Amino acid sequence: MASKRYWLMKTEPDTFSFDDLIACPDRTDGWDGIRNYQARNFMRDEFKKGDQVFIYHSNTDLPSIVGIAEVVREAYPDNTALDPKEKYYDPKSAAKGESRWVQVDVKAKKRLKKPMSLKEIREIPQLSTMALVKKGMRLSIQPVSKDEWSELIKLGSPSPL
DNA sequence: GCCAACGTTGGC
DNA sequence: GCCAACGTTGGC
């Protein structure tokens with residue numbers, strides 16, 4: 001079995017926060033609405049059950065990694081793309097009758113006792129390799145290396161929910 | 001609210 | 001296949 005991998009997923013807390021995920025049944029929800037090929041391909045091709053995910057709040061006063069979730073279901077079609085009433089409706093998918101987008105299910109696991117803000121992350125040399133701190137990096141789903149993960153765990157002190 | 005960086009679309 | 005126009009992301 002391939003070793004566990006680590007990821008970072010962005011979300012806008014005004015739309016869907018880490019607390020919203022915790023409030024879901026079994027603390028689990030489908031991570032839908034991803035409309036970027038690179039991000040989709042990570043989910044479709046590389047996300048495996050058991051992978052660990054940092055949840056990052058973007059577009060907010062203090063952009064930060066706030067929690068940890070686990071992949072509990074691997075990629076399946078994101079059919080919000082087919083529904084004109086949905087925010088992430090995709091006419092091209094609808095025209096084909098088949099969504100070109102996928103989602104995975106993630107389950108909230110831990111909260112960082114000390115959320116790690118983007119500002120702090122930038123200041124830590126060991127984390128300078130993270131895609132998150134690279135100029136112009138807007139990718140909403142990014143791989144995290146084992147070393148980066150360990151460093152963030154050390155600093156963020158996650159505790160079980 | 002601004003705007004730089006990036007991704008997608010569509011005419012040619 | 002090129003690339004200009006347009007839309008989105010997301011920090012500040």
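A quick note: this is a predicted structure, and the numbers were derived from the prediction, not measured. We name chains A, B, ... by the order of the sequence lines, and we start the count at 1 in each one.
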5' to 3' contact window, DNA chain B with chain A (heavy-atom distance under 4.0 Å)
B/dA5 to B/dG10
5′-ward residue of the pair A/Y37/A/R138 relative to DNA chain B:
A/R138
Under a 4.0 Å heavy-atom cutoff, the residues of residues 58-67 of chain A touching DNA chain C are A/S58, A/N59, A/P63
Using distance alone, with no hydrogens and no angle criterion, decide if A/R40 and A/S140 have a side-chain donor and acceptor under 3.5 Å apart.
no
Neighbour count above 12 (heavy atom, 6.0 Å) for A/K96 NZ
no
Yes or no on salt bridge (charged side-chain N to carboxylate O under 4.0 Å, His left out) for A/R100 and A/D78, after CA distance, side-chain angles and deciding distance?
CA-CA 8 Å; A/R100 56 176 162 168; A/D78 175 359; over 6 Å; no
Does A/V144 reach the side chain of A/M130, with side-chain heavy atoms less than 4.5 Å apart?
yes
Side chains of A/M137 and A/L132, heavy atoms from C-beta outward: is any pair under 4.5 Å?
no
Looking only at the side chains, is there a donor atom on one of A/S93 and A/E98 sitting less than 3.5 Å from an acceptor on the other?
no
How would you label the contact of A/R40 with the nucleic acid (heavy atoms, under 4.0 Å): base, sugar-phosphate, or nothing?
nothing
Any salt bridge linking A/K85 with A/D83? Criterion: basic side-chain nitrogen under 4.0 Å from a carboxylate oxygen.
yes
Between A/M137 and A/K92, which has a closest nucleotide on DNA chain B that is more 5'?
A/M137
Whether over 12 other heavy atoms sit under 6.0 Å from A/D26 CG
yes
Ring pair (Phe, Tyr, Trp, His ring centres under 6.0 Å), paired with A/F42, selected from A/W7, A/Y6, A/F47:
A/W7
Below 4.0 angstrom, which residues in residues 122-136 of chain A have at least one non-hydrogen atom near DNA chain B?
A/K135, A/G136
Under a 4.0 Å threshold between the charged nitrogen and the carboxylate oxygen, would A/K49 count as salt-bridged to A/D105?
no
